[in-house]
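Heads up, the thing below is written out as structure tokens.
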2 protein chains.
Amino acid sequence: MKAEAVRRSSQDKPADLVRAPGNVAHAGERRESKADQTTRDRRDSRWDEHRRQRREQLVQATLTAVGRHGAGVGMDEIAAEAGTSKTAVYRHFTDRTDLYVAVCERVAQQLLPKLRAAMESSHHPREMVADAINAYLAFLEADPEVYRFVVHGQNGHFGRDADPITSLSDLVGDQAAALMALTLEQAGRDPGAAGAWGHGVVGLVRSAADWWVRSERPMLRTELAAHLTDLAWAGLSGVVSPPPATSPAPPTSPAPPISPAPPISPAPPTSPAPPSKEDK
Amino acid sequence: MKAEAVRRSSQDKPADLVRAPGNVAHAGERRESKADQTTRDRRDSRWDEHRRQRREQLVQATLTAVGRHGAGVGMDEIAAEAGTSKTAVYRHFTDRTDLYVAVCERVAQQLLPKLRAAMESSHHPREMVADAINAYLAFLEADPEVYRFVVHGQNGHFGRDADPITSLSDLVGDQAAALMALTLEQAGRDPGAAGAWGHGVVGLVRSAADWWVRSERPMLRTELAAHLTDLAWAGLSGVVSPPPATSPAPPTSPAPPISPAPPISPAPPTSPAPPSKEDK
DNA sequence: GGCCGGTACCGACGGTATCAGGTACCGTCT
DNA sequence: AGACGGTACCTGATACCGTCGGTACCGGCC
């Protein structure tokens, strides 16, 4: 693996992630001899602080660039925003994904404390959930472009094998899961569900928020937050529990309670040969 | 949006005629793009069926290609899979996104009936939720690559303005929302939350499923389904309700499983510690 | 020699242009 | 009526462009 700039992304994945067309075949030719910092002398370590700062600054520039050019920024634009050129960026980040991950971490560092603070503002668990949801939505509204970059990053050129992408949602989900595990444990219950629950709740809020934005905010943010809190807190049981009367869901074969667009191309291949017998 | 503006875009005929008013505003759905539809004769309409078939076939080829090359297929590979070349594909789909949407619709046509069938297999609402979740997970496991293509499609090069991408998640979410609205209405309650709830629940399952796959399936699918059902049905209230003892989530004292960085500002110039490295 | 940074470039990929055919429909001329 | 040319679509293929992520190679600083 590369020598120095890596340190972050590729260290936990043993296998180098190759892409479909083998273009980056030169794996080990770079001097790996000193890869281990056992050999590090002052000549090298002297730069540590500078490197850290530079990375940080580049992350900051990325955020700015996202604000200026939208969530689809290019590396050139990011570099330009940082007052330098792509090469410099690539010296500090192995690839776009690496940068992306760093940005996510940075944003998470801002967001998570807010979430935590919001939750600490109350002692009633339900209020805590409500506050956290509200904080999330506030973050979205504060800078939609950054939000899109960070949660809908079309990063990670995935090829067939798992994608090691660490998006913001993952990070937040991990937090939620950890918190949930802790809570469950404290309660003496099996924390096995913590992972699923944590990521599930985060996904709940995320998807609903995305939908909300996509459909041009059909309701007030506070309303959305309230609805989501209801759902996250009480679950779907609330949909049908109050009125035990009618059977709640499509009993047998109701007209599909669908949005107005099922008829896209329903017709299975049953048709007379059109013009030419087959298609040439 | 593009949906149907097929091939008619840049075609200029000499000796042309009343190009009528340019109302390219994509009315409802089905084909209308033909601006001068007044002139539509059999020479044109005769191909309609063929066009429909061809689109369908290309969608099918895309699915196959995704299976063969992974979720990151290129247009060339798709075309090759269909036994033709890119140009032919672009004759029927305005761009990659158009194809993507069509694929999503196709998959949704397979998935939604399954979901509906699963839900109809029981009368107890909670079981219905459980079955739907299970069906979703089954779909994921049946063909992970297609799943990834369809829910994590890095399609739609969005630029600053809204992207009308219709991913599979959206479609399923719409269904869920519609169903929920119907249920709420039947119960005489305000269906305002339906949208948020429908998309929220779908997002819940999706995110949890993604996490599950990403972390290499740390539990049985049935277990995951059970956990998700618990969460979706009863919500988070179940996490803390049983034991009324300690306040449930004090993120303060115990080493929060958090990334160790409270400082958000750019460069805390102190610690020589290289970038924090949590666990990941 | 370590590191930094820049220019110029590669290669992949989405998408287009332009070629060279092929076939059913239409209006018209005979 | 039938023949005929034009029309309105199809099909395939090759070659190409623009963009963008990523790299080779160079010079300069310690």
Side-chain angles (χ1 to χ4, degrees), chain A residues 2-5 19-26 29-31 33-34 39-51 53-54 58 69 72-80 82-100 154-157 159 273-280, chain B residues 2 6-17 34 36 39-51 53-54 58 69 72-80 82-100 154-157 159:
Chain A
K2 311 297 174 51
E4 31 95 22
R19 298 196 287 165
N23 67 342
V24 195
H26 63 67
E29 73 200 1
R30 203 146 152 70
R31 74 283 183 268
S33 50
K34 77 162 209 50
T39 323
R40 282 167 57 100
D41 55 12
R42 287 290 312 283
R43 255 185 330 210
D44 185 0
S45 61
R46 172 173 68 133
W47 293 97
D48 284 0
E49 178 57 18
H50 173 259
R51 276 192 280 253
Q53 276 185 350
R54 202 84 176 96
L58 288 170
H69 300 102
V73 236
M75 295 300 280
D76 285 308
E77 293 163 317
I78 292 174
T84 179
S85 66
K86 251 191 325 186
T87 321
V89 176
Y90 278 105
R91 204 176 306 279
H92 295 274
F93 297 92
T94 62
D95 54 14
R96 186 186 173 90
T97 301
D98 194 18
L99 210 198
Y100 171 71
Q154 75 317 333
N155 309 71
H157 2 187
S276 52
K277 58 245 41 160
E278 183 40 85
D279 56 289
K280 166 46 179 299
Chain B
K2 55 270 307 182
V6 208
R7 110 233 79 182
R8 205 59 115 273
S9 49
S10 66
Q11 196 147 299
D12 58 332
K13 322 93 183 280
D16 202 331
L17 31 119
K34 177 165 188 55
D36 52 10
T39 320
R40 214 169 129 86
D41 58 13
R42 289 291 309 278
R43 284 181 296 203
D44 185 1
S45 63
R46 134 182 111 104
W47 293 99
D48 285 359
E49 178 59 16
H50 172 260
R51 278 192 274 253
Q53 270 184 206
R54 200 86 174 97
L58 288 170
H69 300 101
V73 234
M75 294 301 279
D76 285 308
E77 292 163 317
I78 292 174
T84 180
S85 64
K86 245 189 333 183
T87 323
V89 177
Y90 278 105
R91 235 189 295 279
H92 294 272
F93 297 91
T94 62
D95 54 13
R96 186 185 173 90
T97 301
D98 193 17
L99 212 198
Y100 171 71
Q154 72 326 327
N155 310 70
H157 4 189

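Convention: sequence-line order gives letters A, B, ...; per-chain numbering from 1.
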Rounded to whole Å, CG of A:Asp76 lies from P of C:dT7 at a distance of 11 Å
Correct closest heavy-atom pair for A:Arg96 and A:Tyr90 would be N-CE2, 4.3 Å
Atom NE2 of A:His69 and atom P of D:dC20 are separated, to the nearest Å, by 11 Å
**Prompt:** Do the side chain of B:Arg91 and the base of D:dG12 come within less than 3.5 angstrom through a donor-acceptor pair of N or O atoms?
**Reply:** yes
All heavy atoms of B:Ser85 vs all of B:Ala79, minimum pair found to be C-CB, 3.4 Å
TODO: Report yes if at least one side-chain N or O of A:His92 is closer than 4.0 Å to OP1 or OP2 of C:dG5; otherwise report no.
DONE: yes
Pair of N/O donor and acceptor under 3.5 Å linking C:dG15 base with B:Arg96 side chain: no
To the nearest angstrom, the OH-C1' distance between B:Tyr90 and C:dT18 comes to 17 Å
Separation of D:dC20 atom P from A:Ile78 atom CD1, nearest Å, is 12 Å
ask   = Using a cut-off of 4.0 Å on non-hydrogen atoms, how would the nucleic acid contact of B:Thr84 be classed: base, sugar-phosphate, or nothing?
value = sugar-phosphate
Exercise. With side chains defined as the heavy atoms from C-beta onward, is the minimum distance between B:Ile78 and B:His69 less than 4.5 Å?
Worked result: no
When rounded to whole Å, the CG to C1' distance for the pair B:Asp98 and C:dG15 reads 13 Å
Rounded to whole Å, CZ of A:Arg54 lies from P of C:dC4 at a distance of 10 Å
Whether the side chain of A:Lys86 and the base of C:dG6 hold a donor-acceptor pair under 3.5 Å is what I'd like checked.
no
Is the base of D:dT14 touched by the side chain of B:Ser85 through a donor-acceptor pair closer than 3.5 angstrom? no
Walking DNA chain D from its 5' end, the first of A:Thr87 and A:Glu77 to be reached, judged by nearest nucleotide, is A:Glu77
Rounded to whole Å, CG of A:Asp95 lies from C1' of D:dC20 at a distance of 14 Å
Heavy-atom closest pair (A:Phe93 atom, A:Asp98 atom, distance to 0.1 Å) is CA-OD2, 3.4 Å
Rounded to whole Å, the CE-P distance (A:Met75 to C:dC9) equals 21 Å
Which of A:Val89, A:Thr87, A:Thr94 passes side chain to side chain contact (heavy atoms under 4.5 Å, CB included) with A:Arg91? Answer is A:Thr87
